[in-house]
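Data block below; observations after.
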Amino acid sequence: MIEAARSFMWLNARVLEQRRFRYLFDGGPGDAVVTAVLAYRNDDGGFGHALEPDGRGPDSQPLHTYTALSLLEEVGDTEYARSACDFLTTITNADGGVPNCLDTGHDGLRAPWWQPSGDSDLLVTGLLASVLHEMGVEHTWLDGATAFCRRRITDLTKTHPYEANACARFLDHVPDRPWAERAAERLGTLVREQGLVDLGDGQAHEGYAAGETHKPHHYAPTPDSLARKWFGDDEIDADLDALASGQRDDGGWTFPWPAWTPVTTFEWRPVVTIEALLTLRAYDRIS
């Protein structure tokens, strides 16, 4: 499995994913990953340049910045976190949340589902706050964002898979663990009751592409994720079996959402391949 994935990465991946694969699975240097990530950094402290493949163009965006911070956290680098928070401060609303997508005037350079809005978004704010807590960062932006996420999660009565997943990541890392555990239990009930998890039927949630579902391992990518308690052992085992069997003949995994421009197929597949391998390793399915 790893050998085939390694060949796939060298044949198909961006330099960033090649460096990340080497770090994670072949003992490569973390500073090479940092160097690759910094190629996407802008002078405002945010990140752009299609780091997250569905947002093209050079401008800093919240999701690009989250992706960069996640990659930097993975190799233990926190040097650029505070300047990223400074950038986020410039786009934050009074309630402490940030928009999902900024209107940069480049309408043709983003996926159709990247719709600019000035409204505060729980999904992207939760992801950003999660990784910054994981990094151990202290910043006034994070204080306000954490309060925003706590309010929104506490009041949550209806959600969708991507938002629920972002909430799960936030709850995994927010410092107030007793509150996080209570909130995670309630969120798990919402996910099950509202049919936001694919337990094998493959039925996509309303508004999503065929096959674009969230499975147990998306909510619980590691056994110590709070969302692991949402699923029985048999559900997790069946899900991991399906994940492992998803490796294609070329050694990589693929993704279910639409490829709105051809290059995203080639850029997303190495990303989801690494994530699949990390999940399988976390659950002791591969060494």
Side-chain contact, heavy-atom cut-off 4.5 Å: [X] with [Y]?
| X | Y | answer |
| --- | --- | --- |
| Q194 | K158 | yes |
| E74 | L24 | yes |
| W179 | L171 | yes |
| P161 | T213 | no |
| R19 | V37 | no |
| F231 | K215 | no |
| N12 | E17 | no |
| D44 | T90 | no |

Decide whether D86 and H139 meet the rule of one side-chain donor and one side-chain acceptor closer than 3.5 Å. yes
Any side-chain donor-acceptor pair under 3.5 Å between W114 and D54? no
Inspect the surroundings of [atom1] in [X] and state if more than 12 heavy atoms from other residues, nucleotides or ligands are less than 6.0 Å away.
| X | atom1 | result |
| --- | --- | --- |
| D26 | CG | yes |
| R20 | CZ | yes |
| D155 | CG | yes |
| R248 | CZ | no |

Show your reasoning for whether side-chain contact (heavy atoms from CB on, under 4.5 Å) applies to E138 and L142. CA-CA 7 Å; E138 295 183 1; L142 183 56; over 6 Å; no
When you look at D59 and H64, which way does the side chain to side chain donor-acceptor pair (under 3.5 Å) test go after all the steps? CA-CA 9 Å; D59 304 281; H64 292 317; over 6 Å; no
Would you confirm whether [X], through its side chain, and [Y], through its main-chain N or O, come within 3.5 Å as a donor-acceptor pair?
| X | Y | answer |
| --- | --- | --- |
| D77 | D31 | no |
| T65 | F47 | yes |
| R14 | L51 | yes |
| S60 | G48 | no |
| R169 | Y219 | yes |
| Q61 | L102 | yes |
| D233 | I236 | no |
| R285 | L277 | no |
| S7 | E3 | no |

Could you tell me the separation between the [atom1] atom of [X] and the [atom2] atom of [Y], rounded to the nearest 0.5 Å?
| X | Y | atom1 | atom2 | answer |
| --- | --- | --- | --- | --- |
| C167 | L127 | SG | CG | 9.0 Å |
| L240 | L280 | CG | CG | 6.5 Å |
| E267 | F255 | CD | CZ | 10.0 Å |
| F25 | I286 | CZ | CD1 | 5.5 Å |
| S245 | L243 | OG | CG | 8.0 Å |
| L88 | Y66 | CG | OH | 13.5 Å |

Please assess S225 against T222 for the test side chain to side chain donor-acceptor pair (under 3.5 Å), listing each intermediate value before the final yes or no. CA-CA 5 Å; S225 303; T222 63; 3.0 Å; yes
Taking the six-membered ring for Trp, are the ring centroids of Y208 and Y162 within less than 6.0 Å of each other? yes
Proximity of W113 and W257 rings by center, below 6.0 Å: no
Verify salt bridge (charged side-chain N to carboxylate O under 4.0 Å, His left out) between E79 and R41, making sure each step is shown before the conclusion. CA-CA 13 Å; E79 181 178 351; R41 187 171 182 265; over 6 Å; no
Given R186 and T154, is the side-chain contact (heavy atoms from CB on, under 4.5 Å) satisfied, shown in steps? CA-CA 9 Å; R186 179 174 173 274; T154 298; 6.0 Å; no
So, for T273 and A5, which heavy atoms are closest and what is the spacing to 0.1 Å? CG2-CB, 4.3 Å
Quick check: closest heavy atoms across H49 and A39, and the distance to 0.1 Å? CD2-O, 4.4 Å
If Ile, Leu, Val, Met, Phe, Trp and Tyr residues are connected whenever their side-chain heavy atoms lie under 4.5 Å apart, and connections chain through other members, are L71 and L38 in the same group? yes
Transitive ILVMFWY side-chain link L128 to Y80, under 4.5 Å: yes
Should D172 and H133 be marked as a side chain to side chain donor-acceptor pair (under 3.5 Å) after you check the CA-CA gap, both sets of side-chain angles, and the distance that decides it? CA-CA 9 Å; D172 275 341; H133 280 304; over 6 Å; no
Stepwise side-chain contact (heavy atoms from CB on, under 4.5 Å) check, C85 with L132: CA-CA 9 Å; C85 288; L132 289 164; 3.6 Å; yes
As a quick check of understanding, evaluate side-chain contact (heavy atoms from CB on, under 4.5 Å) for H106 and D103, giving each step before the final call. CA-CA 8 Å; H106 296 158; D103 187 359; over 6 Å; no
Candidate list T125, D95, N100, test side chain to side chain donor-acceptor pair (under 3.5 Å), partner S120, passing option: D95
Testing L196, I153, L156 one by one against E163 for a side-chain contact (heavy atoms from CB on, under 4.5 Å), which residue passes? L156
Verdict with supporting geometry, H217 and D239, side chain to side chain donor-acceptor pair (under 3.5 Å): CA-CA 7 Å; H217 73 267; D239 179 40; 2.9 Å; yes
